[in-house]
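Order of the sequence lines fixes the chain letters, A, B, ..., with proteins taken first and strands second; residue numbering starts at 1 for each chain.
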There are 2 protein chains.
Amino acid sequence: MGTAGIKEVARFAGVSPGTVSNVLNHPERVAAATRARVEEAIRDLGFVRNGSAATLRAGQNRAVGLVVLDVGNPFFVEVARGVEDVASDRDHAVILCNSGESFEKEARNLRVLAEQRVRGVLITPAGENLASVEALHDRGVAVVLVDHSSPGDLCSVSVDDVAGGDLAVTHLLSRGAERLAYVSGPMAIRQCSERRKGARRALRTAGLPVRALEELIVPEMNANGGRLAAEKLLADGLPDAIFCANDLLALGVLRALSQAGVSVPGDVALIGYDDIEFSAAGAVPLSSIRQPTYRLGKIATELLLDVCDDPAGHAHQQIMFQPELVVRESSR
Amino acid sequence: MGTAGIKEVARFAGVSPGTVSNVLNHPERVAAATRARVEEAIRDLGFVRNGSAATLRAGQNRAVGLVVLDVGNPFFVEVARGVEDVASDRDHAVILCNSGESFEKEARNLRVLAEQRVRGVLITPAGENLASVEALHDRGVAVVLVDHSSPGDLCSVSVDDVAGGDLAVTHLLSRGAERLAYVSGPMAIRQCSERRKGARRALRTAGLPVRALEELIVPEMNANGGRLAAEKLLADGLPDAIFCANDLLALGVLRALSQAGVSVPGDVALIGYDDIEFSAAGAVPLSSIRQPTYRLGKIATELLLDVCDDPAGHAHQQIMFQPELVVRESSR
DNA sequence: CTGTTAGCGCATTCAG
DNA sequence: CTGAATGCGCTAACAG
C-alpha cells in the first residue's frame, strides 16, 4: 500500500520527521549529507507527500481552478494551454472544470473548488448571473473572469466582441456586399449579442440601415445549427455575404451551401469567428476573426496569481484585447 | 475570509461538531429539527467543507484522475465526457490532466494525482513505457488503461485498431482500388502501427502484396501533416485510394488535393479515422472509422470504480471494443 | 439521537 | 542544523 508517511521516511533515514519536511520544502536548510540520506529513503520507500495534509496545514492548495463552458471547444482549449503554462511556471496545478453552460454544473464546480481551497478561480460564467461567482469572491477566493467583461468589481480579461463584429462586417461591406445575414446562437449568449452590436455599428458607419442585416438565430452554435440556417437562407433567397457568430456555424453553412451548388465566395461571401484550426483546413479556407486565446489564458492567470500573492496591493483590472481579421478564400 | 469551520457552525447552531459532520455526511442520523438548524447555520456562515481535511481523514479523495494525450483532441474530449458522467453519478470528481504525449508531463501528472490520493487513475499512456504507471499501480492506486491494451496485469479498455485498419482498407479495396497509400504519424505511436497492421491484413486477405500500400509518414498527425503527405503524393503520382491514420490528416490531404484540382472521390477515394465531428461537416464529407469513444470512457470508469470499491473480488479485465466503418462521400 | 474525543499526515514553531 | 511538539479541520467511534 502507498502509506509510507513522512514519519517512516524519517525513521528509515535516521532523522526526525521535521527534517524530512525540510528536505521537501526547504532543502537549503538541510546539510547535504543528511539531505542525500533522506532523499534515498524517500526513493526506497516510494514515499509520496500527502497533498491533503499539506493543504490542510497551509490553509490553501497550490492550485487554481479553471471553469470553462465547453472543454471540447478549441477556443477554451487554447485558453487552457495559456493557463496551464503560467500556472505550471509558478508551481501551481490547474483543476479544469466544465460547466457545459449550465448554472447548476457551474455552481457544483465552484463548490468543489472552494472545498479544495484553491488559491483562485478563472471562470467564463455560464451567463449574466454572477451570483455564485460573486459569492465565491466574497468568501475571499481570488477570481478572474475570462472572456467576460465584468461590470462589477471583479478582475476580467476579455476580447472586444463588438470590435470583432465590426471588423467582420466592415470587411464584408468593403468587398461590396449590400445584403448581409448574421447567423448566430441565442442572444442570451453575450458573445452573440455583442458581435451583433458590432455588426450593426459597421452598418451604420457605412450608412446602411440595420435591416440590411438579416438575422438567423439557431439554438446550437455548431455545424448542425449552420446547416439549419443555410437551409433557411436557401429557401428565402441568399444574401451577398454571411457573418457567423462562430466557425462551427460557418462550417455548417459552408457545407450546406456547397451541397446546394452555391459557390463560396463566388455567390456568397462567408466569414466566421474564433479562427479555430479547422477553419483553415477545409476545402474552402474560412475567413474568420481571430482572438488572442492563448494570451487570454496567460494574462488571466498572471493576474490571478498576482492578486493571490498580494491581495492588498492589487487594483482590480479589466483587460480587453482586440480581435484580428483573418481573410481567407471564403470572402476573398 | 472563508474560514468558517465546522466548529463555528456547531457553536452557532448550538450543537456539537460531530452533529454538524453528521448533517454533512449522514443526514438521516440527525433529527429533522436539529438538521434544519444546522443547515441554516451553514448557510448563514457561508460554510464550505474543507475537502483536504476530509480527504486526510478518509485516507483517500473521492476523485479519479484522467490523464489524456491531448485535451484538444475530440477523441479524448468524448472519452472525458463518458468518464465525467459516470464519475459524477457515483459522486466522484474528475481531475483532468494533459500529458501532451510527454513522459515527463505524464510523470508529473501522476505524481500530483498520487499526492491528491485519488481513488484511481484512468490513463492513456504516452508511449509503450509503462514504468510510471506501474509504479503507481504497485503503490496501490487503481489504474485502468484507456485506448491502450496492456500486455501486463493492468485493466484496460481499448478499441481494436487492427480491425479498424482492416475495415478501412477492405472498404477501399471493395470499391475497386488497387494502388493504395497509408498516411500516418510515426510508427512509434501504437495506433499508427496497429492500423497499418490491419491495413496489411486486409491486403493479404484480398491476395494483394504489401507493397500495394505506399506509406507516407509525417511527423505531426494534423492537417498540416496531411498537406505534406498530399504534396508528396501529387509529385510522385496519385494512388487510387488513401487511408489516413486520423481525420485531421485526412482533412489536410483532402484540402491539398482539392486545391490541386484532384477530385475526391472521383480521382482518389479517401478515408480517415476517429470520425470527429468535423469529418461530416466539410464540403466533401469524410468517410471514417468510428470508435465508441464515449463508451470507452464510461466503461473504463465503471471498471475503475468497481475495482476501487472491491479491490479483492475483482479480476483484471481487458476489454476491447470493435470500431465501425462510416461511409460518406469521400469514398462513395 | 447527540456530545466527546482521538487522530489522519504534515509543516511549523521553538529548543537544543 | 536538527528534533520534539502542536494543531490545521474533519470524521468516526463510542459514550451518554
Side-chain donor-acceptor pairs under 3.5 Å in residues 28-45 of chain B, sequence neighbours left out?
from  : atom 1 : to    : atom 2 : distance (Å)
B:R35 : NH1    : B:P27 : O      : 2.9
B:R37 : NH1    : B:A13 : O      : 2.5

Taking only distance into account, with no hydrogens and no angle test, what donor-acceptor pairs under 3.5 Å do side-chain atoms of residues 118-131 of chain A form with protein atoms, sequence neighbours excluded?
from   : atom 1 : to     : atom 2 : distance (Å)
A:R119 : NH1    : A:H92  : NE2    : 3.4
A:R119 : NH1    : A:D309 : OD1    : 3.2
A:R119 : NH2    : A:C308 : O      : 3.4
A:R119 : NH2    : A:D309 : OD1    : 3.2
A:T124 : OG1    : A:V146 : O      : 3.0
A:N129 : OD1    : A:A131 : N      : 2.9

Contacts table for residues 74-84 of chain B: side-chain donor-acceptor under 3.5 angstrom, sequence neighbours left out:
from  : atom 1 : to    : atom 2 : distance (Å)
B:E78 : OE2    : B:R81 : NE     : 2.9

Hey, can you pull the donor-acceptor pairs under 3.5 Å for the side chains in residues 47-55 of chain A, sequence neighbours left out?
from  : atom 1 : to    : atom 2 : distance (Å)
A:R49 : NH2    : A:N25 : OD1    : 2.9
A:N50 : OD1    : A:S52 : N      : 2.9
A:N50 : OD1    : A:A53 : N      : 3.2
A:T55 : OG1    : A:G51 : O      : 2.9

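Applying the side-chain hydrogen bond (donor to acceptor under 3.5 Å, both in side chains) test to B:D306 and every residue at least two apart in sequence or in another chain returns B:R90. In this structure A:K105 satisfies the salt bridge (charged side-chain N to carboxylate O under 4.0 Å, His left out) test with no other residue, sequence neighbours excluded. Every salt bridge (charged side-chain N to carboxylate O under 4.0 Å, His left out) that A:D161 has, sequence neighbours left out, goes to A:R190, A:R195.
What separates CZ of A:R57 from C1' of C:dC10 is a distance of 7 Å, to the nearest Å. Protein atom NZ of A:K7 is 11 Å distant from nucleotide atom C1' of C:dC10, rounded to whole Å. Here C:dG9 presents its P atom at 8 Å from CZ of B:R117, a figure rounded to the nearest Å.
Nucleotides of DNA chain D lying under 4.0 Å from heavy atoms of chain B occupy a range whose first and last members, 5' to 3', are D:dG9 to D:dA12.
Of the residues in residues 32-40 of chain B, those with a non-hydrogen atom less than 4.0 angstrom from any atom of DNA chain C are B:T34. Less than 4.0 Å separates DNA chain D from at least one heavy atom of each of the following residues of residues 18-27 of chain A: A:T19.
Between the OG atom in A:S16 and the NZ atom in A:K7 there is a gap of 11.0 Å [rounded to 0.5 Å].
Sorted by first and then second residue, the side chain to side chain donor-acceptor pair (under 3.5 Å) pairs involving residues 291-300 of chain A (not counting sequence neighbours) are A:D85-A:Y294, A:D274-A:Q291, A:K298-A:E302. Sorted by first and then second residue, the pairs that involve residues 62-72 of chain B and meet salt bridge (charged side-chain N to carboxylate O under 4.0 Å, His left out), not counting sequence neighbours, are B:R62-B:D91.
Toward the 5′ end of DNA chain D lies the nearest nucleotide of B:S52, the other residue of the pair B:S52 and B:R29 mapping further downstream. Taking the nucleotide of DNA chain C with the nearest heavy atom to each of B:P17 and B:L56, the more 5' of the two is matched to B:P17. Checking A:N50 against B:S16, the closest nucleotide of DNA chain C that is more toward the 5' end is the one next to B:S16.
A:Q318 approaches A:L154 most closely through the heavy-atom pair OE1-O, 3.5 Å.
Residue contacts for A:I6: at a heavy-atom cut-off of 4.0 Å it reaches the sugar-phosphate backbone alone, with no base atom in range.
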